[in-house]
2 protein chains.
Amino acid sequence: MISPIQVRDMSPRHLRNSCTNCSLRELCLPLGLSPEEMQELDGIITQARPIKRGEALYRAGEPFRSLYAIRLGFFKASVISEDGREQVTGFHMSGELMGMDAISTDVHTCDAIALEDSEVCELPFNDIEELSREIPLLQRHFHKVMSREIVRDHGVMLLLGNMKAEERLAAFLLNLSQRFAIRGYSSSSFHLRMTREEIGSYLGLKLETVSRTLSKFQDQGFIKVQNRLIELENIDSLKKLLNTCHDE
Amino acid sequence: MISPIQVRDMSPRHLRNSCTNCSLRELCLPLGLSPEEMQELDGIITQARPIKRGEALYRAGEPFRSLYAIRLGFFKASVISEDGREQVTGFHMSGELMGMDAISTDVHTCDAIALEDSEVCELPFNDIEELSREIPLLQRHFHKVMSREIVRDHGVMLLLGNMKAEERLAAFLLNLSQRFAIRGYSSSSFHLRMTREEIGSYLGLKLETVSRTLSKFQDQGFIKVQNRLIELENIDSLKKLLNTCHDE
DNA sequence: CAAGGAACTTGATATGGATCAAGCCCAATC
DNA sequence: GATTGGGCTTGATCCATATCAAGTTCCTTG
């Protein structure tokens, strides 16, 4: 369920705004495009745009024109039901692509809110389609990215439909840990960008339950919690929580 | 969250195997392709293949080569966690496309099981990509279909994360009702193809809860249940269950 | 047509997480 | 540096749904 390990961008600073930029790894790096193709792809990517913490990259109901590649930062995506309940559908970090849900109706169906100061590259969708008609590798890659989103969503359904609170939290922490590791950050010590309430919304739990479960993990020596700083002290125990066979 | 109403195919029987076939409406009908393009699309669609009730169209772990358009019948898609828990991720009926999750890794990540005798058309994925490079309308349409799957999944997350058992069941019944209506079947009287356990798995409930809740709806006069035959007797009441504002 | 088993219903009880409530801590703001 | 409010923790209680259990119906298969 986790994408293959991808290397951190070590290219010189002056190249960082190009398509080889690490922030666009999901869209570009694994492609193996020719230099010319790279340049074409570069051509459609607009200047990075900063989004302050708390600001919306887009909101449900707004017309759809572009996908967004996160260059830097951290976002939550959430849907609001007719009667006002929020469901966080995902947390997204650098290198990931947002907005694919909007393709179906040409209208955004989620809110995307920055949870820290962030930067995104806008990718006009018409351009993506046009270019991917010319570059089969890009086409294939784009399809894989969309498909990966579907697979991820299925994983969340499994979590919401089958798992107990402790398992959900353990899965959540391990997932974050892996994604930070891929980006070259510590996998055992990281800062949560979201509130307990947002974690709860994502995991189908109330914020009190999130808080209690984190405390319990701490008591058991699995993690250390200091506000939003999390240190994983016994990753294997967390993994064991997940693998435990639940009879039936 | 529901796709626009689409008309039932009234074309003569001898044309039914072509791309205008009603069973492929999701893939073909709304496109407005030229006759030549239609023919090309026809060319990649293989002979319909029958799948008996209980048989698998594909299983998790099998190599991915094709998407499948359901011509006729009813399928469930489900993922199995490492420790053996099943989560039904969706129920699929005629005109829908299955297998898109497999694009990401070239391996199927779900099981697709026929819940009644069914027929599918195989669509080799390489051909789809090639053709959609030539026919922008097809490309756009395929992207919309994938995106719609993502939006659908977000809806399920909202359901699993936020709703009570009664709301989940009501949403489920109304969703089925709409989808039957689109296909020209009765929206108020239909046959469930799945067991209570499968409904429960999809909705994150135990089969007893599904059974009890259906009985309750019957007692309240919202529906009539006879085995797997469901009759919606008061659709508005079911809708009201969903719209009810849950304070907070 | 009979037998067996899967699917379903219904009741009784248990429990995980929600809800309600109170107080604390920290970060932002003046 | 004090103040304020949002975010968080922890305890007590409640409730929706799971779990356990028993019996029924229906469908399949011989």
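The figures here come from the full heavy-atom set of this structure, side chains too, leaving out hydrogens, waters and symmetry mates. Throughout, a chain's letter reflects where its sequence line sits, starting with A, and its residues are numbered from 1. As the structure is a computational prediction, the values presented were derived from the model and not from experiment.
Between the base of D/dT19 and the side chain of B/Arg212 there is a donor-acceptor pair shorter than 3.5 Å. For D/dG7, the base has no donor-acceptor partner in the side chain of A/Arg228 [N/O atoms by modelled type, under 3.5 angstrom].
In this structure, B/Phe180 and B/Tyr185 have perpendicular ring planes: the angle between them is above 60°, well past the 30° mark. Taking the six-membered ring where tryptophan is involved, the planes of B/His108 and B/Phe64 are perpendicular, since the angle between them exceeds 60° and thus also 30°.
Atom NZ of A/Lys164 and atom P of C/dA18 are 13 Å apart (whole Å). Atom pair B/Lys206:NZ and D/dA18:P shows a separation of 7 Å (rounding to whole Å applied). Following rounding to the nearest Å, A/Leu229 (CG) and D/dG7 (P) show an atom-to-atom distance of 19 Å. Rounded to an integer number of Å, the gap from CZ of A/Arg193 to P of D/dG7 is 17 Å. Taking atom CD of residue A/Glu197 and atom P of nucleotide D/dC8, one finds them 9 Å apart after rounding to whole Å. Counting to the nearest Å, the P atom of D/dC8 and the CG atom of A/Leu192 are 9 Å from each other. Rounded to an integer number of Å, the gap from CG of B/Asn227 to C1' of C/dA6 is 12 Å. In this structure, CD of A/Glu208 is placed 13 Å from C1' of D/dA12, rounded to the nearest angstrom.
Mapping B/Met163 and A/Leu207 onto DNA chain D by nearest heavy atom places A/Leu207 closer to the 5' end of the strand.
Ring centroids of A/Phe91 and A/Phe75 are separated by 6.0 Å or more, keeping the two rings apart.
Counting only heavy atoms from C-beta outward, the side chains of A/Glu231 and A/Phe190 never approach each other to under 4.5 Å.
Fit an axis to the five pairs at each end of the helix from C/dC1-D/dG30 to C/dC30-D/dG1 and the two axes sit 60° apart, to the nearest 10 degrees.
Just one of B/Val79, B/Ile80, B/Asp111 meets the side chain to side chain contact (heavy atoms under 4.5 Å, CB included) condition when paired with B/Glu86; it is B/Ile80. If you run salt bridge (charged side-chain N to carboxylate O under 4.0 Å, His left out) between A/Glu116 and each of A/Lys76, A/Lys52, A/Arg193, only A/Arg193 comes through.
Between B/Ala114 and B/Ile51 the shortest heavy-atom distance is CB-CG2, 3.8 Å.
Between A/Ser215 and D/dT10, a side-chain N or O to OP1/OP2 separation shorter than 4.0 Å is present. Not one side-chain nitrogen or oxygen of A/Thr209 sits closer than 4.0 Å to the OP1 or OP2 atom of C/dG17.
Counting any heavy atom pair closer than 4.0 Å across all strands shown, A/Gly200 reaches no nucleic acid atom. Looking at heavy-atom distances under 4.0 Å, B/Arg168 makes no contact with the nucleic acid at all. The residue A/Leu214 sits apart from the nucleic acid: no heavy atom pair falls under 4.0 Å.
With distances taken from any side-chain atom of B/Leu205 to the nucleotides D/dA18, D/dC8, C/dG17, the minimum falls on D/dA18.
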